[in-house]
Amino acid sequence: MHRGAGSVFLWARKMAASGADPQILVQYLVLRKDLSQAPFAWPAGALVAQACHAATAALHIHRDHPHTAAYLQDLGRMRKVVLEAADESTLKELAETLQQKNIDHMLWLEQPENIATCIALRPYPKEEVNQYLKKYRLFK
């Protein structure tokens, strides 16, 4: 059994016994919109790969957190929300805010260019992080 998974089972059992619904956990990603436009004009597949890299890294780094373990217990019910940041400076400003507020996240830097492309938060209850993300719209 994965380390930390025992606490998830106890948490789920407690929630079920109380009749309460377990919290809905969401993994938020914020992807740079300008990378899809000139002068960058990255193809859609490259952008999807950046979001996948960031999401996977955030899940791996925070794999021992009970929210991450609970999120991964039911793969068919995972929820992700992909938002857009206008450019690299906007993305880095968000990363700084998240760090200051102790919000667990991963700022993905594409190598070897060292370009910040995406932020992925570990899974969180929506209510805990939406105040930091509400100004970002869904990625189009």
Side-chain angles (χ1 to χ4, degrees):
M1 181 180 297
H2 188 277
R3 293 178 298 165
S7 62
V8 172
F9 292 122
L10 292 175
W11 171 75
R13 189 179 309 148
K14 181 179 176 182
M15 294 302 286
S18 70
D21 289 330
Q23 286 181 312
I24 295 173
L25 299 170
V26 179
Q27 185 176 30
Y28 287 94
L29 295 99
V30 183
L31 184 59
R32 281 179 54 188
K33 180 65 175 176
D34 67 325
L35 293 175
S36 67
Q37 303 161 341
F40 303 105
W42 287 19
L47 292 173
V48 170
Q50 297 304 301
C52 291
H53 291 323
T56 302
L59 291 170
H60 179 72
I61 290 168
H62 301 289
R63 67 187 171 275
D64 292 330
H65 193 283
H67 284 158
T68 303
Y71 182 81
L72 294 171
Q73 284 298 307
D74 191 356
L75 297 178
R77 301 188 85 182
M78 290 190 299
R79 294 181 181 201
K80 286 186 173 41
V81 174
V82 182
L83 306 170
E84 62 184 38
D87 53 29
E88 188 172 24
S89 64
T90 305
L91 192 69
K92 286 183 173 181
E93 287 172 17
L94 174 59
E96 187 175 311
T97 298
L98 295 173
Q99 185 172 348
Q100 290 171 356
K101 301 298 182 180
N102 295 315
I103 303 297
D104 295 333
H105 68 283
M106 174 66 187
L107 172 62
W108 185 257
L109 300 173
E110 178 62 12
Q111 298 300 329
E113 302 88 352
N114 209 36
I115 298 171
T117 60
C118 187
I119 290 175
L121 279 63
R122 71 158 168 82
Y124 272 95
K126 182 175 157 179
E127 304 78 33
E128 286 186 32
V129 294
N130 63 355
Q131 64 184 325
Y132 308 111
L133 302 170
K134 63 185 173 187
K135 74 177 188 178
Y136 300 94
R137 63 185 197 181
L138 291 175
F139 190 90
K140 292 183 183 178

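Counting begins at 1 with the first residue of the sequence.
Within the structure, ring-ring contact (aromatic ring centres under 6.0 Å, His included) contacts touching residues 77-105 (residues at least two apart or in different chains) do not occur. The salt bridge (Lys or Arg N to Asp or Glu O under 4.0 Å) analysis of residues 112-132, with sequence neighbours excluded, yields the pairs D104-R122.
In terms of the side chain to side chain donor-acceptor pair (under 3.5 Å) criterion, residue partners of T117 (sequence neighbours excluded) are, by chain and number, Q50. Taking the side chain to side chain donor-acceptor pair (under 3.5 Å) definition, one finds that T90 meets it with D87, sequence neighbours left out. Every residue meeting the ring-ring contact (aromatic ring centres under 6.0 Å, His included) condition with H53, not counting sequence neighbours, appears here in chain and number order: W108.
In the hydrophobic cluster analysis, where Ile, Leu, Val, Met, Phe, Trp and Tyr join through side-chain heavy atoms closer than 4.5 angstrom, L91 is grouped together with V129. L98 and Y124 fall within the same hydrophobic cluster, defined by Ile, Leu, Val, Met, Phe, Trp and Tyr side-chain heavy atoms under 4.5 Å apart, directly or through other members. Connection of L121 to I61 is not established within any shared hydrophobic cluster, with ILVMFWY side chains joined at heavy-atom distances below 4.5 Å, either directly or through further cluster members.
Here the CE atom belonging to M78 is positioned 8.0 Å from the CG atom belonging to L59, to the nearest 0.5 angstrom. Taken from CD1 in I119 to CG in L94, the straight-line distance is 4.0 Å, to the nearest 0.5 Å.
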Which side-chain N or O atoms in residues 130-140 pair as donor and acceptor under 3.5 Å with protein atoms at least two apart or in another chain?
from : atom 1 : to  : atom 2 : distance (Å)
R137 : NE     : E84 : OE2    : 2.8
R137 : NH2    : E84 : OE2    : 3.1

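With hydrogens and angles ignored, the 3.5 Å screen pairs no side-chain donor or acceptor of E110 with any backbone N or O of I115. No donor-acceptor distance shorter than 3.5 angstrom exists from the side chain of T68 to the backbone of D64, with no hydrogens or angles considered.
A 6.0 Å sphere centred on CD of Q99 holds no more than 12 heavy atoms belonging to other residues, nucleotides or ligands.
Looking at H67 and P125, their side chains come closer than 4.5 Å, going by heavy atoms from C-beta outward.
When every heavy atom of E88 is checked against every heavy atom of A116, the shortest pair comes out as OE2-N, 3.1 Å.
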